[in-house]
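Excluded from the calculations below are hydrogen atoms, water molecules and symmetry mates; all remaining heavy atoms, backbone and side chain alike, are included.
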Amino acid sequence: MYFEGLNRLIEVSQQINDNRVLFSFQFRTNTLKCLFCADERVLIIAIQNQGKGAFFYFTEMGETNGFLPYDLYYLLLNYKEKESPSIFWKALSNRVDENTNWRSPQDKEILELIGLARTNDKRVYQGDKPYFKGIQRRVIKHVSNENLDKTERYFGNDIRKFCSNNEISTTWSSEPTDKALFFTNRIEMTAYLNQELNK
């Protein structure tokens, strides 16, 4: 699915001179808090008063799978009428075009937002563990596609390929970690991966 608001978010990142862009978004009865990381093309969306949310990765062409975890879907859309997630994404794109309330976030705000991006949807790999913890090498077994999918949602496709090629599995925590913000800094994440790889 194509997300029309991607280029606008990248422009805002350049305007505020920060890879990280924080903004709010009202969709029907829910207030959502969003964080966009331009270098990685990663977006966090969370419903503030519900403690539910998710990470999304966009290709350079603005494509994303548009998949909403079921508990997030039920809060945002009318499941009885089988509303398409595209309704939400279209509204978000329109809001991005109209919004003027952008700002750079503090690290504390990002950690709080990550904590909101939890889901009980079993289709999401370790959805109750939103904080990046570290990596481990897979000597015998290959890295699972589910793990690689989650890695991509946080760090983008380049890091996914790196992990896949080097049999690296990412690990996750339900509580904040000292590496939880690595997804906002590609240089820091790449340095960490290379350091662990060369041990």
Side-chain angles (χ1 to χ4, degrees), residues 9-10 13 18-22 32-48 50-60 64-65 67-72 104-199:
L9 286 173
I10 293 173
S13 170
D18 194 332
N19 177 51
R20 311 169 305 175
V21 180
L22 187 69
L32 292 89
K33 201 167 186 178
C34 307
L35 176 76
F36 177 69
C37 297
D39 289 347
E40 297 76 19
R41 299 189 303 281
V42 168
L43 177 69
I44 311 177
I45 295 173
I47 303 177
Q48 288 184 272
Q50 298 286 346
K52 299 298 179 185
F55 277 69
F56 301 91
Y57 165 73
F58 300 95
T59 69
E60 290 183 1
T64 185
N65 63 19
F67 166 77
L68 297 175
Y70 80 82
D71 39 13
L72 189 59
S104 298
Q106 298 178 357
D107 288 351
K108 179 182 178 181
E109 292 177 300
I110 300 176
L111 290 173
E112 290 175 352
L113 187 55
I114 296 172
L116 293 174
R118 301 175 191 264
T119 177
N120 295 319
D121 191 333
K122 298 303 181 184
R123 296 172 297 174
V124 178
Y125 179 79
Q126 296 187 351
D128 60 339
K129 296 180 178 180
Y131 295 99
F132 175 64
K133 184 178 181 181
I135 62 169
Q136 60 183 19
R137 299 293 299 277
R138 308 299 296 184
V139 179
I140 300 175
K141 296 181 179 179
H142 293 296
V143 184
S144 70
N145 285 329
E146 292 81 6
N147 183 273
L148 290 172
D149 287 346
K150 182 165 185 173
T151 300
E152 182 177 55
R153 286 196 301 273
Y154 276 65
F155 300 104
N157 187 252
D158 289 344
I159 297 297
R160 178 196 175 115
K161 288 179 180 177
F162 184 93
C163 289
S164 178
N165 292 339
N166 292 283
E167 296 294 348
I168 292 172
S169 178
T170 50
T171 60
W172 305 89
S173 172
S174 60
E175 300 296 329
T177 70
D178 60 344
K179 301 176 183 66
L181 298 181
F182 276 15
F183 77 94
T184 68
N185 190 320
R186 182 185 298 176
I187 294 175
E188 194 171 31
M189 180 60 176
T190 302
Y192 166 70
L193 289 174
N194 288 324
Q195 177 184 334
E196 293 297 306
L197 203 61
N198 293 324
K199 280 186 176 179

Sort out for me which residue in F183, Y131, F155, F67 forms a ring pair (Phe, Tyr, Trp, His ring centres under 6.0 Å) with F55. F183
[X] side, atom [atom1]; [Y] side, atom [atom2] - distance, nearest 0.5 Å:
{"X": "E112", "Y": "K33", "atom1": "CD", "atom2": "NZ", "result": "6.5 Å"}
{"X": "L111", "Y": "L116", "atom1": "CG", "atom2": "CG", "result": "11.0 Å"}
{"X": "I159", "Y": "S164", "atom1": "CD1", "atom2": "OG", "result": "12.5 Å"}
{"X": "D158", "Y": "R186", "atom1": "CG", "atom2": "CZ", "result": "6.0 Å"}
{"X": "L197", "Y": "T190", "atom1": "CG", "atom2": "OG1", "result": "12.0 Å"}
{"X": "D149", "Y": "R160", "atom1": "CG", "atom2": "CZ", "result": "4.5 Å"}

Please examine the side chains of [Y] and [X], heavy atoms only from C-beta on, and report whether any two atoms are closer than 4.5 Å.
{"X": "I168", "Y": "Q136", "result": "no"}
{"X": "P105", "Y": "L35", "result": "yes"}
{"X": "L72", "Y": "T119", "result": "no"}
{"X": "T59", "Y": "N157", "result": "no"}
{"X": "N145", "Y": "Y125", "result": "no"}
{"X": "V124", "Y": "K150", "result": "no"}

Heavy-atom pair with the smallest gap, counting every atom of [X] and [Y]:
{"X": "V21", "Y": "L9", "answer": "CG2-O, 4.4 Å"}
{"X": "G115", "Y": "P130", "answer": "CA-CG, 4.4 Å"}
{"X": "N185", "Y": "E188", "answer": "OD1-N, 2.9 Å"}
{"X": "A117", "Y": "A54", "answer": "CB-N, 3.8 Å"}
{"X": "C34", "Y": "L22", "answer": "O-CD1, 3.3 Å"}
{"X": "C163", "Y": "V143", "answer": "O-CG2, 4.4 Å"}

Donor-acceptor pair, distance only, cut-off 3.5 Å: does the side chain of [X] make one with the backbone of [Y]?
{"X": "R137", "Y": "N166", "value": "yes"}
{"X": "Y192", "Y": "I135", "value": "yes"}
{"X": "Y154", "Y": "F182", "value": "no"}
{"X": "N19", "Y": "T184", "value": "yes"}
{"X": "T64", "Y": "Y57", "value": "yes"}

Have D128 and S174 got a donor and an acceptor in their side chains that come within less than 3.5 Å?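 There is no such pair between these side chains.
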Hey, are N147 and T170 close enough side-chain-wise for a donor-acceptor pair under 3.5 Å?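 Result is yes, a qualifying pair exists.
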Look at R20 together with D107 and state whether they make a salt bridge at an N to O cut-off of under 4.0 Å. yes
So with a 6.0 Å cut-off around NZ of K179, is the heavy-atom count from everything else above 12? yes
Measuring centre to centre across the rings, with the benzene-like ring taken for any Trp, is W172 within less than 6.0 Å of F132? yes
Begin with the C-alpha distance, continue with both residues' side-chain angles, and end with the deciding distance and a verdict on side chain to side chain contact (heavy atoms under 4.5 Å, CB included) for T151 and F162. CA-CA 10 Å; T151 300; F162 184 93; over 6 Å; no
